[in-house]
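A note on names: the letters A, B, ... follow the listed sequences, proteins ahead of strands, and every chain is numbered from 1. Computed from a prediction, not measured in an experiment: that's the story for all the values here.
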2 protein chains.
Amino acid sequence: MKNNVSIKDIAKMAGVSIATVSRVINKSGKVAKETEEKILQIMKENNYVPNLLAKGMRTNKVTTIGIVIPDISNEFFSKIAKQIQTLFFNKGYASIICNTSEDDKIEKQCIEMLQAQQVGGIIHIVSEKANKENKILIPTVYLDREPKFSNKRKDMAIIESDNLSGGYIATDAMIKKGCKNIICLSPKDVVSTHKKRCQGYAYAMNENGLNLKIIIVDNVSLEEGYNKTKEYIKNNKIDGIFATTDIIAIGAIKAIKEAGFKIPENVKVFGYDASNMSEVIETPLSTIVQPIEEMTLAAVEMLEKNMNGEKIKENRLILPVKIKER
Amino acid sequence: MKNNVSIKDIAKMAGVSIATVSRVINKSGKVAKETEEKILQIMKENNYVPNLLAKGMRTNKVTTIGIVIPDISNEFFSKIAKQIQTLFFNKGYASIICNTSEDDKIEKQCIEMLQAQQVGGIIHIVSEKANKENKILIPTVYLDREPKFSNKRKDMAIIESDNLSGGYIATDAMIKKGCKNIICLSPKDVVSTHKKRCQGYAYAMNENGLNLKIIIVDNVSLEEGYNKTKEYIKNNKIDGIFATTDIIAIGAIKAIKEAGFKIPENVKVFGYDASNMSEVIETPLSTIVQPIEEMTLAAVEMLEKNMNGEKIKENRLILPVKIKER
DNA sequence: CTGAAAGCGCTAACAG
DNA sequence: CTGTTAGCGCTTTCAG
């Protein structure tokens, strides 16, 4: 499997020392044009590709970063992963992507593996269960979800979108259209994002003197959105729903329609994330758009600075979201 | 950034040679229980994590594999990537994931980078434009799409799902329900998967003496599915649609309904991939389910064998698909 | 301008 | 059972 030609092979073929070959590879130091061309030629002929790992080991500069993500098959996260990988690829870095499946045990293993793989930095979306910081020395930027342990370290780099105002503007938009009985459907507040969206909802409701009703779904699924909504509307009147993620809203829509109500005439529905599903569903589903590009770009830039040991004043960033009404 | 303790540091602290430390790390050779425990203790205290790259360099055994994918934010591909990364993670491998964005230039760069990163093997879903094999010596398994250059090398490892019968059973199911005028919506046949699905469609139509009509969409999008369908039904009657991927079917549905037809009463619609969108759309959309787990498992196993230099008789595999009628 | 040599962290004989 | 040593592919002084 190791038919790879090495710098040594090239040197031998060119009749020079490996130092010289190294110099032309890195365009460092002076090499006679003649020798340089000859070496370049031989490298091309033999399809030489430098061993980045050996180089990294020697120079202590690494060309790999890690991305730790709860579930890469989730649309929102996969978009993020794509952006990050592309941004880093263009800078010459390879991205090692790890799935934690929301499991803190696996998450720990991921971090250890990345450390063992000598990644230069990590962009980390914490799992639901992550309670304590993994004790590592690798530069890390937390993205999307605020880690539970973030209050312990004020210098922690965290990039989020503005989930609080996301919840607020969604709810407020419905209130402005006359809704008075708006419920909020959300998973248990294990994750900062959903929690903040609920808080935004609560803020808007309180501001308008409306009674809030937060209904906890046991998991993030169409079924749960459906079941909990169906159950609730048996004995309660509602005219608005704010679900902290699209799929829950879609379940709610199903229940609402089954009960004979019209959307958006009788009940207005807001989801979150502007997923593909929200695009294709035929019932009008309003939603909140997160600034994925800005978030990933900021995370990548911040991580790069961290890796270069640069001081950063702004190590926490909250990016604005947009509303998409339908 | 390199505060990492090394085997040398541990050895010094334990007052033994690095060889001994190496032995306890790898559980190779005999080490006195006493010394072993002492070393283990010190390793734990100092949070020692072995440098896999150095190890790989020395042993010529690498713990990284590459995944090359056209678009990781695509639901189907991201599910595949997740599976592969998980399977390899459990075997102790890290996965470097690369996006080609369907661009053969980027694809080439990806392969080169993976080579430079010394990955042990690659699972590769080729881009649309990939026309010639990248000349590398890394064990590679092609997944999902059959490379255009596959006929040149009969020993190439390729895992696909059965797109041909996918197209066939979808079409056949509609015919069995009485459809006679079924159109097929598909992107230009740049990619083997869509091409084969169309062939399956054609096969079923011919078998039943029906006229086939394949309509090319310019790109894979809801809009194109919508536009091309709307255009066609202006002057033609149809009672069935087979779209080679769900999103196109969803566009078609929109056009059909706008024209006043009922689904599935007047027109039956089949998509492909059993995407989340197909799950939530309120109009009945039948679809074909690909065996993602089996595909990825087979690919991973085949790659592992390749990496271990094992001979494999079956280097081409076509896995069966399932129908999901709605 | 170019080569020799040391060393990054680690493993694998080879001696003790 | 344990230490010494060479070397994986590469960069980087230090001498020529």
Check this for me: Lys79(A), atom NZ, are more than 12 non-hydrogen atoms of other residues, nucleotides or ligands nearer than 6.0 Å? yes
5' precedence on DNA chain D between Thr59(B) and Val31(B) (nearest-nucleotide basis): Val31(B)
Tell me the interatomic distance from Met57(B), atom CE, to dC8(D), atom C1', rounded to whole angstroms. 4 Å
Given atom NZ of Lys33(A) and atom P of dT2(C), what is their separation to the nearest angstrom? 12 Å
Tabulate below the donor-acceptor pairs under 3.5 Å that side-chain atoms of residues 11-21 of chain A make, not counting sequence neighbours, or state none.
| residue | atom | partner | partner atom | Å |
| --- | --- | --- | --- | --- |
| Ser17(A) | OG | Ala19(A) | N | 3.4 |
| Ser17(A) | OG | Thr20(A) | N | 3.4 |
| Ser17(A) | OG | Thr20(A) | OG1 | 3.3 |

N/O (side chain, Ser22(A)) to phosphate O (OP1/OP2, dT11(D)) under 4.0 Å: yes
If only side-chain N and O atoms of Asn26(A) are considered, is one of them under 4.0 Å from the OP1 or OP2 phosphate oxygen of dT11(D)? yes
Residues of residues 35-47 of chain B with any non-hydrogen atom less than 4.0 angstrom from an atom of DNA chain D: list those, numerically ordered, please. Thr35(B)
Does atom NZ of Lys305(B) have more than 12 heavy-atom neighbours, drawn from other residues, nucleotides or ligands, at distances under 6.0 Å? no
Rounded distance in Å - CG (Asn60(B)) to C1' (dA13(C)): 17 Å
Is the closest side-chain donor-acceptor distance between Lys55(A) and Asn26(A) under 3.5 Å? yes
note: Asn51(A), atom CG; dG7(D), atom C1'; distance rounded to Å ~ 14 Å
Check this one for me: any side-chain N or O of Thr20(A) less than 4.0 Å away from OP1 or OP2 of dT2(C)? no
Short side-chain to backbone donor-acceptor contact, Asn74(B) and Asp71(B), under 3.5 Å: no
Within the distance-only criterion (no hydrogens, no angle test), does the side chain of Ser95(A) pair as donor or acceptor with the backbone N or O of Ile97(A) below 3.5 angstrom? no
Which residue pairs pass the side chain to side chain donor-acceptor pair (under 3.5 Å) test when at least one of the two sits in residues 36-47 of chain A, sequence neighbours left out? Gln41(A)-Glu45(A)
Taking only side-chain nitrogens and oxygens of Tyr48(A), does any of them come within less than 4.0 Å of OP1 or OP2 of dG9(D)? no
Sidechain-backbone polar pair: Asp104(B) side chain, Glu107(B) backbone, donor-acceptor under 3.5 Å: no
Please tell me if the side chains of Val300(A) and Lys91(A) come closer than 4.5 Å, counting only heavy atoms from C-beta onward. yes
For Glu34(B) and dC1(D), give me the distance from atom CD to atom C1', rounded to whole Å. 12 Å
Using rotation axes that map the C1' atoms of four end pairs onto the next four (five pairs an end), what angle separates the end axes of the helix from dC1(C)-dG16(D) to dG16(C)-dC1(D), to 10°? 50°
Partners of Tyr93(B) by ring pair (Phe, Tyr, Trp, His ring centres under 6.0 Å), sequence neighbours excluded? Phe88(B)
Is a salt bridge present between Glu112(B) and Lys105(B), judged by a nitrogen-to-oxygen distance below 4.0 Å? no
Given DNA chain C, 5'-ward residue of the pair Arg23(B) and Lys30(A), judged by closest heavy atom: Lys30(A)
Over how many whole Å does the gap from Leu52(A) atom CG to dC10(D) atom C1' extend? 11 Å
Within residues 6-19 of chain B, those residues having any heavy atom closer than 4.0 Å to DNA chain C are Ser6(B), Ile7(B), Lys8(B), Ile18(B), Ala19(B)
Spacing of Ile25(B) atom CD1 relative to dG9(C) atom C1', expressed in whole Å: 10 Å
Find the distance Arg58(A):CZ to dT11(D):C1' and express it as a whole number of Å. 5 Å
Salt-bridge test for Lys196(A) and Glu146(A): reply yes if a basic N is under 4.0 Å from a carboxylate O, no otherwise. yes
